[in-house]
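Structure first, then comments.
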Amino acid sequence: MNLTGGLHWHWRAWRAQARWAQTRTEIETWLLAQPVQTDHLLLIGASAGWMMSTPWLQRYQSVQTWDIDPMAGPLFRWRHGRALKARGVRLACHTGDALSQLPQLLRDQPQLTVFFDNVLGQIRFQNASVEHTQQRLSSIKQTLRGRHWGSLHDRMSGPVAQAWPEHRLPGAGHTAQGASHEAVSTQQWLGLMGAQSPWLDHLTDSIFPEGTHLTNLAWPMQPAYWHWLQAGWVSP
Ligand SMILES: C[S@@+](CC[C@H](N)C(=O)[O-])C[C@H]1O[C@@H](n2cnc3c(N)ncnc32)[C@H](O)[C@@H]1O
């Protein structure tokens, strides 16, 4: 069973477009601010690209999407295919477990830039224990050594004091990898979102190498249950 994608996700995403619009714009601004390092993109956890920026995808010569959800490919083509074709970007949509196949994918295609599109924060729901989740994330990080890669993922999530749209989203914030969730700056960020304890830790705090510049984004996934997304890029 796919706990993080599939029909339920598409239905929720389609209905939530207005609520997610600010987060989507902030993701696009963040993506477009990054220099393109290679011409070929591997997008993992692409789904239909509900939160993905078409102008950013158009910067590549080829885009390869992966998702375990069989509906993801056709829906991604529906949402982004025409605009990519118009710019001559080659699009290939694959159904499968890209995380398990990552070593092979990277061996076969050394020129790829890898982007994990809101998928690494869900690994804790696909594993039996915290320890197993941490091992899996650590192994993915090792596999990526020497590559140009980025990720946008859940850092934490939980209830907020006041629901969207009454409570407006704070704009994007910035931090460096290594800041604890108990640090004053992090607590201030959670405070801006109106976080009400307890919040779920998605166990992604060690994904990026120490010192990586990170962008924090608020995402009203549900009106009164928000996610703290963290995004960063790693160069070889
Ligand atoms: C939160 S959704 C991502 C949303 C997507 N980036 C968007 O903009 O619509 C997480 C996605 O990751 C996919 N996924 C989960 N585990 C995966 C894996 N091992 N390989 C590829 N995709 C995976 C799920 O099927 C789901 O579509």
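This one's a predicted model, so the numbers in the text were calculated from it and none came from an experiment. Order of appearance sets the numbers: ligands from 1, and atoms from 1 within every ligand.
The ligand atoms of ligand 1 that sit less than 4.0 angstrom from a heavy atom of A98 are 20 (N), 21 (C). Distances below 4.0 Å separate heavy atoms of M51 from the following atoms of ligand 1: 7 (C), 8 (O), 9 (O). Every atom of ligand 1 with a heavy atom of Q126 under 4.0 Å away is listed here by number and element: 15 (C), 16 (N). Set against the non-hydrogen atoms of G96, the atoms of ligand 1 under 4.0 Å away are 20 (N), 21 (C).
Donor-acceptor pairing under 3.5 Å is lacking for the side chains of Q101 and D97. At a cut-off of 3.5 Å, with distance as the only test, a side-chain donor of Q122 or D154 sits close to an acceptor on the other residue.
Considering backbone and side-chain N/O atoms, I44 never comes within less than 3.5 Å of an N/O atom of ligand 1. Residue contacts with ligand 1: Q122 is placed with no nitrogen or oxygen under 3.5 Å of a nitrogen or oxygen of the ligand (distance criterion only). Annotation: G6 places no N or O atom under 3.5 Å from an N or O atom of ligand 1; distance criterion only.
Closest heavy-atom approach to atom 25 (O) of ligand 1 within the set D69, D67, L102, D97: this belongs to D67.
The pair D201-R155 meets the salt-bridge criterion, with a side-chain N (NZ, NE, NH1 or NH2) lying under 4.0 Å from an Asp/Glu carboxylate O.
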Chi angles and distances behind the side chain to side chain donor-acceptor pair (under 3.5 Å) call for D67, H94
CA-CA 7 Å; D67 202 294; H94 303 273; over 6 Å; no

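Ring-centre distance between H202 and W228: not below the 6.0 Å cut-off. Taking the six-membered ring for Trp, F115 and W233 have ring centres closer than 6.0 Å.
Taking a 4.0 Å cut-off on heavy atoms, A72 fails to register as neighbouring ligand 1.
L120 and S151 get closest at one heavy-atom pair: CD1-OG, 3.5 Å.
Looking at A13 against ligand 1, nothing comes within 4.0 Å, counting heavy atoms.
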